[in-house]
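Comments concern the structure below.
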Amino acid sequence: MSSYPAIYAVVRRIPPGRVATYGQVAALAGVSGQARLVGYALNALADTSSLPWHRVINAQGRVSPRAGEPGGSVLQRIRLEREGIEFDARGRVSLERFGWRPRGGAGQRPRAHGARRGRVGGSSPDGT
DNA sequence: CGCGTGACTTGTA
DNA sequence: TTACAAGCCACGC
């Protein structure tokens, strides 16, 4: 059973000009704590998909080097820049400004399928 | 069903 | 700031 569909759904919800972290997507997809699964899903998705996978970056605000596709991170950065996202001199994105802040309300899916240690960290400084 | 791997995360050095 | 270690869980063999 693959949680990919849920992940794809979340990624698809990421609005343009915004980026979400693997952990965030994982949480929204209902697999909180398994950021790896997100990357795994995206990898399985391949670049042929129409999903904005390029809007998914790691918690450090950096573009993770993909597996099997050297240079892919560069393509991702280019796509993000095209979306209007600015990169830092070190090639990092300011999650504080471009980080996607989903509006709880309706579209959210707090499906805690286990709720491991609540070490969320607190990366949701609403600012829109 | 067991083992290894992985587009990750967080804490510590 | 970078580097290393431990943890979590699904997928492929």
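Keep in mind the model is a prediction, meaning the values are calculated, not measured. Every chain is numbered from 1 and lettered A, B, ... according to where its sequence line falls, protein lines coming before strand lines.
Every side-chain contact (heavy atoms from CB on, under 4.5 Å) that A:Ser64 has, sequence neighbours left out, goes to A:Tyr22, A:Asn58. With sequence neighbours left out, the side-chain contact (heavy atoms from CB on, under 4.5 Å) criterion links A:Arg79 to A:Trp53, A:His54, A:Leu75. Qualifying side chain to side chain donor-acceptor pair (under 3.5 Å) partners for A:Glu83, counting only residues two or more places apart in sequence or in other chains: A:Arg55. The side chain to side chain donor-acceptor pair (under 3.5 Å) search around A:Arg90 returns A:Asp88, not counting sequence neighbours. For A:Pro15, the side-chain contact (heavy atoms from CB on, under 4.5 Å) criterion is met by A:Arg18, A:Trp100, not counting sequence neighbours. A:Thr21 pairs by the side chain to side chain donor-acceptor pair (under 3.5 Å) definition with nothing, not counting sequence neighbours.
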I'd like a table of atom pairs between the protein and nucleotides 4-7 of chain B - only N or O on both sides, under 3.5 Å - with the distance next to each one.
from	atom 1	to	atom 2	distance (Å)
B:dG6	O6	A:Arg36	NH1	3.0
B:dG6	N1	A:Arg36	NH1	3.3
B:dA7	N7	A:Gly39	O	3.3
B:dA7	N7	A:Asn43	N	2.8
B:dA7	N6	A:Leu42	O	3.2

Short heteroatom pairs, N/O only, protein and nucleotides 1-4 of chain C, under 3.5 Å:
from	atom 1	to	atom 2	distance (Å)
C:dT1	OP2	A:Arg92	NH1	2.6
C:dT1	OP2	A:Arg92	NH2	2.4
C:dT2	OP1	A:Arg62	NH2	3.3
C:dT2	OP2	A:Arg62	NH2	2.5

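For the pair A:Ile7 CD1 and C:dC9 P, the interatomic distance rounds to 14 Å; values are reported in whole Å.
A cation-pi arrangement is found for A:Arg77 relative to A:Phe87, the charged atom lying closer than 6.0 Å to the ring centre and inside a 45° cone about the ring normal.
Screening residues 20-33 of chain A for salt bridge (charged side-chain N to carboxylate O under 4.0 Å, His left out) gives no qualifying pairs among residues at least two apart or on separate chains.
Taking every side-chain heavy atom of A:Gln34 into account, C:dA10 is the closest of C:dA10, C:dC11, B:dT9.
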